[in-house]
Amino acid sequence: MTDASAVPGLPDGYEFSADTARIDIGRTHHWLSTDAYWALGRTRDKHERAVAGSLNFGVYDRASGEQVAYARVVTDEATFAWLCDVYVAPSVRGKGLGTALVVAIRDHLQPCGLRRILLATHDAHGVYEKVGFKELDKPGQWMVLGQS
C-alpha cells in the first residue's frame, strides 16, 4: 500500500488512502451522479456495486477527515487495470490533488506488474500525461461492446 507521506505532489494537509472502508459512498455517489459527465444519473445501487467490485482510492482533508477526491480501478491485479471515476471536489480543484491521486494509484498498482492501465477521458489528457499516460499507439486494434 502506498504510504500517504510518500505521495509525490500531494499538498500538505491532505492524505491518500487505498482503504475502501474510508470511502464516503454518499458523497462519491453524489459527485459522480450529478457532476461527472460519464456518470450522470448513475443510481446509488449501481455506484455501490461498482465500489464493491473495484479497488477504491481517496484523498482526505487531514484536519476534517472529509473526502475531497475519489477514483477506482477495475483490475485482475495481474495483467490489466482500468482507471475510472476519477473525481476531485470542485472546492479543492487546482491544487494538484487529481495528479497526486493518479500518481499514488499508479504507484500502488506497480507491484502487480500490470501490462497496461487504461483510462478514457474527454477533457483531462494533460493531467494523465503528467503521470505517464499517452494515447494508444494503435487505437484501431481496440474494440468496444456497448457505447456511452
How close do [X] and [Y] get, heavy atom to heavy atom, and via which atoms?
X	Y	result
A50	S54	O-OG, 2.7 Å
L109	A81	CD1-CB, 4.3 Å
G98	V127	C-CG1, 4.4 Å

**Polar contact flag, side-chain donor to acceptor under 3.5 angstrom, H47-T28** =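 Yes.
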**Prompt:** Angle class for the F57/H108 ring planes (parallel below 30°, perpendicular above 60°, tilted otherwise)?
**Reply:**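 Ring orientation of F57 relative to H108: perpendicular.
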Do you reckon [X] sits in the same ILVMFWY cluster as [Y], going by side-chain contacts under 4.5 Å, direct or chained?
X	Y	result
V144	L118	no
V92	V86	yes
L83	V7	yes
V74	L101	no
L136	F133	no

Between [X] and [Y], is there a side-chain N and carboxylate O pair less than 4.0 Å apart?
X	Y	answer
R22	E15	yes
R42	D85	yes
D35	R27	no

Nearest 0.5 Å, please: how far is [atom2] in [Y] from [atom1] in [X]?
X	Y	atom1	atom2	value
L97	F16	CG	CZ	12.5 Å
I105	I117	CD1	CD1	9.0 Å
C112	L55	SG	CG	7.5 Å
T121	D123	OG1	CG	5.0 Å
L32	R72	CG	CZ	8.5 Å

Is a donor on one side and an acceptor on the other found under 3.5 Å between the side chain of [X] and the backbone of [Y]?
X	Y	answer
Y70	V59	no
Q67	D24	yes
N56	V51	yes
T75	F80	yes
R93	V88	yes

**Item:** Side chain proximity check, T79 to L114, heavy atoms < 4.5 angstrom
**Value:**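 Contact flag for T79/L114 side chains = no.
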**Request:** Would you indicate whether the side-chain heavy atoms of V73 and C84 approach each other to under 4.5 Å?
**Result:**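 No. Closest side-chain heavy atoms not under 4.5 Å.
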**Message:** Once side chain to side chain contact (heavy atoms under 4.5 Å, CB included) is applied, do any residues pair with D137, and if so which ones, sequence neighbours excluded?
**Reply:**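 Per chain and number, D137 pairs via side chain to side chain contact (heavy atoms under 4.5 Å, CB included) with K134.
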**Prompt:** Should the heavy atoms of other residues, nucleotides or ligands under 6.0 Å from NE2 of H125 be counted, would the total exceed 12?
**Reply:**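 Correct, the count exceeds 12.
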**Prompt:** Does atom CH2 of W82 have more than 12 heavy-atom neighbours, drawn from other residues, nucleotides or ligands, at distances under 6.0 Å?
**Reply:**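 Counting neighbours around CH2 of W82, 12 or fewer heavy atoms of other residues, nucleotides or ligands fall under 6.0 Å, so no.
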**Message:** Using the rule given for side chain to side chain contact (heavy atoms under 4.5 Å, CB included), can you reason through Y14 versus Y60, listing the C-alpha separation, both sets of side-chain angles and the distance that settles it, and then say yes or no?
**Reply:** CA-CA 5 Å; Y14 295 95; Y60 301 85; over 6 Å; no
**Item:** Among R49, H29, H30, the one residue meeting side-chain contact (heavy atoms from CB on, under 4.5 Å) with R44
**Value:**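 Looking at R49, H29, H30, the match for R44 under the side-chain contact (heavy atoms from CB on, under 4.5 Å) is H29.
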